[in-house]
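First up is the structure itself, then whatever we jot down about it.
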Amino acid sequence: MPHNKSDAFLSVQGLAVEYSSSGEVIHAVNGVSFDLKKGGTLGLVGETGAGKTTIAKAIIGILPRPPANVSAGEIFMNGRDLLKVDNAQMRKVRGKEISMIFQDPMTALNPIMRVGEQIAEAIFRHEQVTKKQAEDKGKEMLEMVGISTERYREFPHQFSGGMKQRVVIAMALACNPSLILADEPTTALDVTIQAQVLDMIRSLKNKYGTSMLMITHDLGVVAEICDDVAVVYAGEIVESGSKEQIFTSPKHPYTVGLFKSLPDINSDMERLNPIDGLPPDPSNLPAGCSFGPRCPNFSPKCQDHIKLKDAGNGHFYRCW
Amino acid sequence: MSQAPSPLLEVRNLKKHFNTPKGLLRAVDDVSLTIEKGKTLGIVGESGCGKSTLGRAIIRLQDSTSGEIIFNGEDITHAGKKRQRWINENMQIIFQDPFSSLNPRQTLEETISEPILISKRFKSKAELLKETERLMDLVGLDRRLRRAYPHELDGGRRQRVGIARALSLKPQFIVCDEPVSALDVSIQAQVLNLLLDLQKAAGLTYMFITHDLSVVRHISNDICVMYLGQLVETSPSKELFKKPLHPYTKALLSAIPSIDIYHQRERIILKGELASPIDPKPGCRFASRCLHAREKCREPQRLVEVLPNHYVSCWRAEAL
């Protein structure tokens, strides 16, 4: 995506991340660029192992190094390159300016710490407040996500999955961050609870004008909550554009295949149309287009380097 | 449900209760259903509604508290050890998580052929190998993976191993317990198509347990919606999606995130969460979350045939 500094709040340029283990190099993220508008929601869509979570971890600076290594790229937030910020500074950014909602609320909370204290801890760390003030703010946050303050002193195991995810969201929002990285925040939840949580995320986001990067594999969630979409395959963005562009006129064969393979709740068709084959091995990516081996329109030219193509109005795709 | 011409499986008033320190947990509470030969019955519900317990009780992985399970005209509810062997050969299960349902120390060949070995249904080693290879071909596993261990395979392939193992004794009936929930959409479609093909080829009967309504519509002839251990609605699958009657079914359907960005359904956001199945109050178990609850909902409800073959356990269903 071309760089447009003016309206981008977060701008990732040419990000590449590798993991190395016992001599093997795994190319998890290969030159990813995207912009997130202020107050906007960008959906990062892709399957398991596409590199979505690695991108988020690189932004918030929690990649385990080693084995991970950011081999190229820049991540600008408010004009500052986050990759050049040192650890001590980054610790102040995390939880305050950027926070992350993790996929699995069962493991994201400390099992032997009262839930209220986990929320208050973030506030106490980052704001100039007394313990008492942090606790009051923590209770306020609990109420905001729809949990009674009576449960402030309970432990995570006393909460259901949906409630735990609310606590995780309360923690993420506690210091009123300007950017939220939501990594599959509703994947572990039941549909009726997912609807509740998405509804809550949406209204809180609107209230505070927070920008959000929504990582998901669920196109339905994207349709519901995102403004823009970037489709990730084998560590590359293969298509990006507004939600309307991607959902009504997908251009890349992988995006088209994803939509086709969904069982449609409104039709009576018998067989599904899966994408043949499996995602490529990230330690041994094919030359040229990484979707080539699974693509129904494959031709030898696909093995050359594929440039981004402009479909107009900010809609780009990586296929000739 | 109505008397089907030749039900392969009939379950009458099945109950499975567990004694817990907090009281009696009614995981499955008075469930009756029938499945015709060669058909698929979908069981839909959220985590903790008892759908997996129901599946396990039916194939007698667990003893039921009361009720009858009639398979092929024979009451198998209290089958002895000898008869259990026959049941195991005719009723099989595919588990949700292909990562934990395979023995990590067994090769694919060992896993797939183990049931045949135990049933002594082979004459020579060569025959056993031939049969294993036939099963691997059937589910689309490459023969050279014969000596591979589960950790070498991705989720989709592991699930194919689970399917091959379930098919190894040529059962008539298979309980599919969330067989595609752990898989990515493009792989999910591959496995669903495989299940449909196998059903056509061998006349298999499925009970398909899932929380994913779009998947269940695609694969089932009839659907039962389950809530806190009880069936709240059963209907032919097309009709259920066209004309859901129970308030819970309506909420469940409306909560599915739709990929149609221009025609978003009006969402019904339910209050609260699943109540506890321990010592539930008499009356409709959904009443505490229901938007239409009335005083009369506290009286016991039963399934009533409102439309041909369409049963619902809500006295207000027709009025709503």
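Keep in mind that the numbers below use all heavy atoms, side chains included, and drop hydrogens, waters and symmetry copies. Proteins get letters first, then strands, A, B, ... in listed order; numbering begins at 1 in each. The structure displayed is predicted, hence computed values, not measured ones.
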For chain A, the option from B:L252, B:I268, B:I269 that forms the most heavy-atom pairs under 4.5 Å: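 Top option by heavy-atom pairs under 4.5 Å: B:I269.
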B:D184 to A:E47 - nearest heavy-atom pair and separation: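 That would be CB-OE1, 3.0 Å.
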Heavy-atom closest pair, residues A:S261 and B:A189: O-CB, 3.7 Å
Non-neighbouring partners of A:T255 that pass side chain to side chain donor-acceptor pair (under 3.5 Å), sequence neighbours left out: A:E239
Short side-chain to backbone donor-acceptor contact, B:Q190 and A:G277, under 3.5 Å: yes
Over 12 foreign heavy atoms within 6.0 Å of CG, A:N313: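 No, CG of A:N313 has 12 or fewer neighbouring heavy atoms, counting only those of other groups under 6.0 Å.
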Which atom pairs, one a donor and one an acceptor, fall under 3.5 Å between side chains of residues 188-199 of chain A and the rest of the protein, sequence neighbours left out?
residue : atom : partner : partner atom : Å
A:D190  : OD1  : B:S47   : N            : 3.2
A:D190  : OD1  : B:S47   : OG           : 3.0
A:D190  : OD2  : B:S47   : N            : 3.0
A:D190  : OD2  : B:S47   : OG           : 2.5
A:T192  : OG1  : B:E46   : OE1          : 3.1
A:T192  : OG1  : B:E46   : OE2          : 2.6
A:T192  : OG1  : B:R289  : NH2          : 3.4
A:Q194  : OE1  : A:T186  : OG1          : 3.3
A:Q196  : OE1  : A:R166  : NH2          : 2.9
A:Q196  : NE2  : B:L270  : O            : 2.6
A:Q196  : NE2  : B:G272  : O            : 2.9

